[in-house]
There are 2 protein chains.
Amino acid sequence: MTEVLPPRRKRDGTLKTSLIDAGVDLLRKRGADGLSLRECAAMAGVSHAAPGYHFKNIMGLSTAIAARGYKLFSEAMTTRLDNAGPSDADRLAAICHGYMDYASSHPELFLFIFSGQKFNEADDEFRLYSAKAYSILRETCAPLVPENTPCEEIEVLVWSLVHGYAQLSMTRKKDNPQLNRTWPAFDSLLKHLNRALFAASAN
Amino acid sequence: MTEVLPPRRKRDGTLKTSLIDAGVDLLRKRGADGLSLRECAAMAGVSHAAPGYHFKNIMGLSTAIAARGYKLFSEAMTTRLDNAGPSDADRLAAICHGYMDYASSHPELFLFIFSGQKFNEADDEFRLYSAKAYSILRETCAPLVPENTPCEEIEVLVWSLVHGYAQLSMTRKKDNPQLNRTWPAFDSLLKHLNRALFAASAN
DNA sequence: GGAACTAACTTGACAGTGTCAAGATAATCA
DNA sequence: TGATTATCTTGACACTGTCAAGTTAGTTCC
């Protein structure tokens with residue numbers, strides 16, 4: 001007589017987080033184009049339209065995932081900074097290594113936030129965490145900026161190198177299999193970066 | 001009596017190209033997640049399933065678009081190289097500028113090929129053109145490699161810097177609006193790269 | 001020129017998708 | 001306990017990629 005109903009999710013306020021978790025899972029399994037609102041809903045054990053309540057549309061979910069991506073990104077750099085030596089070079093190396101930590105432990109998020117997907121740039125969390133990441137870079141680079149040089153020049157130099165390296169590391173299997181044998185470690189690039197930076201200050 | 005039939009596309013062997021054109025258009029208008037087989041078909045004036053004949057599935061179309069992306073990429077570098085001075089530094093600057101030319105004149109393709117989308121890496125054209133791009137880099141960097149240094153170290157240094165700069169230039173509006181005023185030109189980064197490289201050879 | 005053959009499509013169907021409106025239910029508070 | 005509100009469900013719609021089957025155009029052969 002008493003039917004066995006499908007188990008219902010408790011309304012404990014954790015659905016939003018569960019949906020983001022599910023989205024990250026999907027990105028990891030299927031790549032940057034593998035996100036699906038309905039599948040996230042199913043993974044979180046709710047009906048197909050439930051995500052629409054928390055995220056207005058799929059861009060809303062994407063933006064929330066990207067915000068988490070930036071958050072973890074900042075945390076990876078902060079963790080390294082907290083354990084770094086006091087010198088400017090140590091701290092520069094720390095954020096670079098944090099960058100690489102993030103890219104290798106969360107490749108799906110790293111690729112996603114730089115995928116060219118459209119996000120809702122008005123979203124508060126998204127703006128907060130993406131700005132945070134850049135401010136860590138800015139503060140770490142500040143002592144390295146030579147006189148009469150705009151700080152952006154050094155920031156973008158460092159950012160470009162580490163970002164480019166991380167992205168190419170991740171896509172090199174596709175582009176150029178022959179490189180896999182001999183792919184250089186980031187430290188070998190850092191050596192060149194240090195030469196450029198610390199020679200500059202003696203200019 | 002004689003009905004007016006909808007205009008039929010001539011079977012002139014150009015559909016495949018038209019579909020790729022349409023796909024590039026869509027990417028430009030809608031971003032990296034805006035591709036649609038059916039819409040490409042409509043834009044090319046054929047039925048919804050016609051693309052399936054030329055490209056087995058949507059990954060087939062994506063791969064063809066990416067192959068064109070790499071082709072244009074190589075051509076942009078070659079064009080600059082053809083007009084470059086004879087010195088190693090001139091040629092290095094030339095491929096960097098070619099890289100930037102490509103990123104700014106085809107942002108949709110640039111972002112697409114590095115978007116983390118899955119492509120069919122067994123595809124002949126895709127492999128041909130992506131390998132070509134890397135071989136241009138390799139040849140241009142070869143004279144800059146110091147003794148006792150693996151060539152990949154210099155290649156990846158250059159590649160990372162220019163790629164990172166191009167990608168960040170493209171997404172900076174999203175991440176960091178405050179930077180727009182003072183975004184440095186690539187030449188200012190190139191100055192630092194040159195210092196690192198040409199100091200290295202005197203090591 | 002006509003028949004046979006093949007490449008290049010069209011048509012139709014199906015399961016999946018995002019999004020919206022409307023209804024149902026759970027939690028909270030008076 | 002009853003009313004209210006936040007949270008979710010149900011159902012519908014137009015759209016998507018993919019496949020099987022049918023059709024048409026172009027070519028080849030006699």
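Chain letters run A, B, ... following the sequence lines, proteins first, then strands; residues in each count from 1.
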Notebook entry, point to check: Taking CE from A:M59 and C1' from C:dT17, how many angstroms apart are they, rounded to a whole number?
Noted result: 17 Å

Next item on the list: Find the distance A:L19:CG to D:dC8:C1' and express it as a whole number of Å.
Entry: 11 Å

Next item on the list: Would you mind telling me which residue lines up with the more 5' stretch of DNA chain C, A:R38 or B:R11, judged by nearest nucleotide?
Entry: B:R11

Next item on the list: Give a yes or no on whether a salt bridge exists between A:R30 and A:E39, defined as a side-chain N under 4.0 angstrom from a carboxylate O.
Entry: yes

Check: What is the distance, rounded to the nearest whole Å, between atom NZ of A:K16 and atom P of D:dC8?
Finding: 11 Å

Notebook entry, point to check: In whole angstroms, how far is the P atom of D:dT18 from the CG atom of B:L37?
Noted result: 6 Å

Next item on the list: Mind calculating the distance between CG (B:N57) and P (C:dG16) to the nearest angstrom?
Entry: 17 Å

Notebook entry, point to check: How are the rings of B:F126 and B:F119 set relative to one another: parallel (under 30°), tilted (30 to 60°) or perpendicular (over 60°)?
Noted result: tilted

Check: Taking atom P of D:dT16 as reference, at what distance in whole Å does atom CG of B:L35 sit?
Finding: 11 Å

Margin query: Check the orientation of B:Y102 and B:F73. Use parallel for under 30°, tilted for 30 to 60°, and perpendicular for over 60°.
Written below: parallel

Item checked: Lys/Arg-Asp/Glu bridge criterion (N-O < 4.0 Å) met for A:R91, A:D88 -> no

Next item on the list: Grab the CG-P distance between A:L15 and C:dA27 for me, whole Å please.
Entry: 14 Å

Check: Does B:S36 make a side-chain N or O approach to OP1 or OP2 of D:dC15 shorter than 4.0 Å?
Finding: no

Check: For the base of C:dG16, is there a side-chain donor-acceptor partner from A:H48 under 3.5 Å away?
Finding: no

Note to self: For D:dT7 and A:Y53 - does any side-chain N or O of the residue sit under 4.0 Å from the phosphate oxygens OP1/OP2?
What the structure shows: yes

Next item on the list: Starting from P on C:dT28, measure out to CG on A:D12 and report it in whole angstrom.
Entry: 11 Å

